[in-house]
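Working notes for the structure below.
Reminder, nothing fancy here: chain letters follow the sequence lines and each chain counts from 1. Just so it is clear, the model here is predicted, and its values are computed rather than measured.
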Number of protein chains: 2
Amino acid sequence: MTAHHDPADTPARLEARATWRVSRMHARVTRLLGAAFDADGDGLRSYHYRLLAALNEWGAMSQADLGRRTGIDRSDVTGALGDLEPRGLVTRHTDPAHARRKIVAITPGGVGRLRELDAVIDGVQERFLAPLTPAQRRTFLDLASRLADVPPDDGS
Amino acid sequence: MTAHHDPADTPARLEARATWRVSRMHARVTRLLGAAFDADGDGLRSYHYRLLAALNEWGAMSQADLGRRTGIDRSDVTGALGDLEPRGLVTRHTDPAHARRKIVAITPGGVGRLRELDAVIDGVQERFLAPLTPAQRRTFLDLASRLADVPPDDGS
DNA sequence: TGGGATGTGTTGGCACGTCCAACATTGTTT
DNA sequence: AAACAATGTTGGACGTGCCAACACATCCCA
């Protein structure tokens, strides 16, 4: 697929750094997820999965709320919903109380699709974590969550 | 800086997944590195650092070799060198033996700049790894390197 | 000695994720 | 009523990573 750079050939100052390893892990994750989404087809991507997951877990809400809770920009939410609605995975109707606001809800078909995507993504987890033992996987997940969820280290 | 999404608000199916945590770690790394490079100024970015590091460690070589050893596409190497050369951090002269080939070498100024960038990036490591103890950092680095450097899992 | 294959630097472009600015429109606050 | 804030949308920017095509140089082998 991609050229894949031989990891033995990496400047030592780079290889030693945590940020570099995170970047390389991310590259692998991206490659695996991209391939899996492509294979599963239908042109859905990680944005769509995130939105479906949020709607499934928290129920219907406005697009703005959806964006805030998923960390996706309002404009990108608009775009992604434009993909999901025509597929019947999501409905959009304007809030009767607030004419400007649109309430988004997941459909039964959307729930089904979400389940399918769950399976696809679980397969990716398995492939990604393959080099580690179950105990190591648990350790990695724990450390990763501490490194991932850090309040915005705002400059000074 | 960026909006930063409250991690407590994340669909459980996402939060549980290793790929998601890697993505979030990468987002943080990107934010920290971007801020650090911006602050240090001069418009240099991670591409430039990678190239300087490779030239410093392995000596002068052609652009194509440089690209192969760093995993950066030939065309992107061309672009990045176009930033480094005018700053005097790098020299480019055509190989006397092969008129088509250009040998790139780091200059003393480039070495100095590389050292400065080292310091900048080390600062980022510290901030990124802050939530972990030294022992945990070592564990994380070990696990991350196993997850990062995996031969191209070509399809089947 | 030729001629096809292969390597090289460069330009231009695409895809993807992320983010921001502006805008018309609708609600809220005072 | 007037200033203000929120909503959905459009259009665009940027960074990273690819790939295709090109003109040219060099190599290898028939």
Does OP1 or OP2 of [N] have a side-chain N or O of [X] closer than 4.0 Å?
| X | N | value |
| --- | --- | --- |
| B:Arg74 | D:dA21 | no |
| A:Tyr47 | C:dC16 | no |
| A:Arg101 | D:dG8 | no |
| A:Gln63 | D:dT9 | yes |

Got a donor-acceptor pair under 3.5 Å from the side chain of A:Arg100 to the base of C:dT25?
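Present.
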Is a donor-acceptor contact shorter than 3.5 angstrom present between the side chain of A:Thr30 and the base of C:dC16?
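Under the 3.5 Å cut-off, the side chain and the base do not form any donor-acceptor pair.
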Please report, rounded to the nearest Å, how far the [atom2] atom of [N] is from the [atom1] atom of [X].
| X | N | atom1 | atom2 | value |
| --- | --- | --- | --- | --- |
| A:Arg24 | D:dT16 | CZ | C1' | 14 Å |
| A:Leu81 | D:dT9 | CG | C1' | 12 Å |
| B:Asp38 | D:dC14 | CG | C1' | 12 Å |
| A:Arg28 | D:dG17 | CZ | P | 17 Å |
| A:Arg31 | C:dC16 | CZ | C1' | 16 Å |
| B:His93 | C:dG9 | NE2 | P | 12 Å |
| B:Ile103 | C:dT8 | CD1 | P | 10 Å |
| B:Glu85 | C:dG9 | CD | P | 13 Å |

Among [options], the one nearest [X] by side-chain distance:
| X | options | value |
| --- | --- | --- |
| B:Arg68 | D:dT16, C:dT8, D:dT7 | C:dT8 |
| B:His98 | D:dT26, C:dC20, D:dT9 | D:dT26 |
| B:Arg45 | D:dT7, D:dG15, C:dC20 | D:dG15 |

Reading DNA chain C from 5' onward, which residue's closest nucleotide shows up sooner: B:Ser62 or A:Asp73?
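Nearer the 5' end of the strand: B:Ser62.
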Between the side chains of [Y] and [X], is the shortest nitrogen-to-carboxylate-oxygen separation below 4.0 Å, so that they form an ion pair?
| X | Y | value |
| --- | --- | --- |
| B:Asp142 | B:Arg146 | yes |
| B:Arg115 | B:Asp118 | no |
| A:Lys102 | A:Asp95 | no |

Hey, is the main chain of B:Arg74 close enough, under 3.5 Å, to the side chain of B:Gln63 for a donor-acceptor pair?
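No, the answer is negative, given that no donor and acceptor are paired below the 3.5 Å cut-off.
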Please identify which of these residues, B:Asp38, B:Leu33, B:Asp83, meets the side chain to side chain contact (heavy atoms under 4.5 Å, CB included) condition with B:Arg45.
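With B:Arg45 as partner, B:Asp38, B:Leu33, B:Asp83 yield a single side chain to side chain contact (heavy atoms under 4.5 Å, CB included), made by B:Asp38.
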By nearest nucleotide on DNA chain D, pick out whichever of B:Ala97 and B:Arg50 is the more 5' one.
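First, find each residue's nearest nucleotide; the 5'-ward one identifies B:Arg50.
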